[in-house]
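Shown next, in structure tokens, is the structure this report addresses.
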Amino acid sequence: MLKTSESGRRPLRLPLRTLAVSVLLCLTVSLSHAQDSAPVVSQQQESASAEGDQPDFNSGRDPTNLPPTYGFIVSQAKFANGDRLRDVSLRAIHKFGRDYVAATIPILDFVPGTPSGTYATGLGDILVEGLHVFPNLSERAVHGLGLSIQLDTSSQSQLGSSTTVLEPFYALSYYEEKAVQLVFQARYLRDIGAGFATPITDTVLLSPFAIFERPGNWYAQVKFNNFIDLTSAPNTFTSEVGIGNVIAGHYNVGFFYEFPLNHDSRVFNVQARFTLNLLYQF
């Protein structure tokens, strides 16, 4: 005999097939409601998520986006006549919004390539430069116009150009993607205070290069320099490759090697230049 409920009604019995269909309908409605209430991820959010996996640090190599910096630059150059020039420079960069002003103060050691040459050690020509960054050309393109002034401050003739040099320059940076930057820089070099025996020179320097940023705050650079002498031939060509790391987001350690690309460049420009950057970025 079946027991009844407190209301006197018999408990409801459903066929097994009907019960299964009812449960299936409930699950279907619940899943459909959950999908409708889930947040919709847009393509922009997906792109941002994908970009979030890319490196996000400042390599200090893009001339349109230099961070405030203090540190040292150590280099050694060898020339075709056997002369060597060693350099330890203090480097400082101050930011004013998107613009910046920088100063480089070199202490040089000149080693002559011949026994008759004269050794020299002391202050070189101080370099002061500034860049004004214009409004962006596009979401990926940034450009700016700057001016470098190389002051005639060398303590000995072997350590400087014996003149003041003006270098107006233009820089354009294009972000191919977050981890790759294509940069073009054009400089015009003009002596404005040449000595009696120093000819005034006019040179245009064209420098396209690429910066590659990788996970772990690693970066690499490949650069091409074309020195166009507007007063006399030949033009010279050099290339520069480098690699570095921004340790803990602040300590920028980079090593760079510049070398000539043809015979004229080796004779009139440089045989080899090694540079080590030891910089602190804010």
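- In this structure, Gln281 contributes its side chain and Gly249 its backbone to no donor-acceptor pair below 3.5 Å.
- A side-chain donor-acceptor contact under 3.5 Å links Asn245 to the backbone of Gly216.
- Using a 3.5 Å distance cut-off with no hydrogens or angles, the side chains of Arg187 and Ser207 do not pair a donor with an acceptor.
- Atom CD1 in Ile126 sits 10.0 Å away from atom CG in Leu90 (nearest 0.5 Å).
- Sorted by first and then second residue, the salt bridge (charged side-chain N to carboxylate O under 4.0 Å, His left out) pairs involving residues 256-276 (not counting sequence neighbours) are Glu258-Arg273.
- Partners of Tyr280 under the side-chain hydrogen bond (donor to acceptor under 3.5 Å, both in side chains) rule, at least two apart in sequence or in another chain, do not exist in this structure.
- For the atom pair CG (Leu85) and NZ (Lys78), the distance works out to 14.0 Å, reported to the nearest 0.5 Å.
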Inset, instruction - Could you walk me through whether Phe255 and Tyr257 pass the ring pair (Phe, Tyr, Trp, His ring centres under 6.0 Å) test, one step at a time? - result: CA-CA 7 Å; Phe255 179 77; Tyr257 171 55; 7.8 Å; no

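- Among residue pairs with one or both ends in residues 152-174, those qualifying as ring pair (Phe, Tyr, Trp, His ring centres under 6.0 Å) are His143-Tyr170; sequence neighbours excluded.
- Remark: Phe79 CZ to Phe268 CZ distance equals 14.5 Å, nearest 0.5 Å.
- With sequence neighbours excluded, no residue forms a side-chain hydrogen bond (donor to acceptor under 3.5 Å, both in side chains) with Asn277.
- A distance of 14.0 Å separates NE2 of His132 from CG of Leu147, quoted to the nearest 0.5 Å.
- Of the candidates Gln221, Gln181, Glu213, Gln221 is the only one forming a side chain to side chain donor-acceptor pair (under 3.5 Å) with Arg61.
- Listed by chain and residue number, nothing satisfies the side-chain hydrogen bond (donor to acceptor under 3.5 Å, both in side chains) test with Thr275 (two or more places apart in sequence, or in another chain).
- Within 6.0 Å of CZ in Phe72 there are 12 or fewer heavy atoms belonging to other residues, nucleotides or ligands.
- Residues Asn225 and Phe209 are not in side-chain contact: their nearest non-hydrogen atoms beyond the backbone lie 4.5 Å or more apart.
- Partners of Asp125 according to the side chain to side chain contact (heavy atoms under 4.5 Å, CB included) rule, which considers only residues two or more places apart in sequence or in another chain, are Gln150, Asp152, Thr153, Ser154, Ser161.
- Applying the salt bridge (charged side-chain N to carboxylate O under 4.0 Å, His left out) test to every pair with at least one member in residues 84-95, sequence neighbours left out, gives these pairs: Arg86-Asp109, Arg91-Glu129.
- There is a side-chain donor-acceptor pair under 3.5 Å between Tyr175 and Asp62.
- Using a 3.5 Å distance cut-off with no hydrogens or angles, the side chains of Tyr100 and Asn65 do not pair a donor with an acceptor.
- Shown here are the side chain to side chain contact (heavy atoms under 4.5 Å, CB included) partners of Leu230, two or more places apart in sequence or in another chain: Tyr188, Asp202, Val204, Ile228.
- Although no hydrogens or angles enter the test, the distance criterion places a donor-acceptor pair under 3.5 Å between the side chain of Ser265 and the main chain of Phe237.
- Residues that satisfy the side chain to side chain contact (heavy atoms under 4.5 Å, CB included) test with Val267, not counting sequence neighbours, are His263.
- A donor-acceptor contact shorter than 3.5 Å is absent between the side chain of Thr64 and the backbone of Gly144.
- Annotation: side-chain hydrogen bond (donor to acceptor under 3.5 Å, both in side chains) contacts of His94 (sequence neighbours excluded): Tyr70.
- Looking at Ser239, its side chain does come within 3.5 Å of a backbone N or O of Lys223 through a donor-acceptor pair.
- Arg140 places a side-chain N or O within donor-acceptor distance of the main-chain N or O of Glu176, the cut-off being under 3.5 Å.
- The side chain to side chain contact (heavy atoms under 4.5 Å, CB included) check on Ser232 picks up Asp229, with sequence neighbours excluded.
- For Gln156 (side chain) and Thr121 (main-chain N/O), a donor-acceptor pair under 3.5 Å exists by modelled atom type.
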Could you list the donor-acceptor pairs under 3.5 angstrom formed between side-chain atoms of residues 113-120 and any protein atom two or more places apart in sequence or on another chain?
| unit_1 | atom_1 | unit_2 | atom_2 | d |
| --- | --- | --- | --- | --- |
| Thr114 | OG1 | Ser116 | OG | 3.4 |

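- Distance OG/Ser89 to CD1/Ile107: 8.0 Å, rounded to 0.5 Å.
- Inter-residue side-chain proximity for Gln76 and Val111 is flagged as unmet; no heavy-atom pair is nearer than 4.5 Å.
- Atom-to-atom distance recorded for Leu189:CG and Ser148:OG is 8.5 Å, nearest 0.5 angstrom.
- The closest donor-acceptor contact from the side chain of Asp99 to the backbone of Val133 lies under 3.5 Å.
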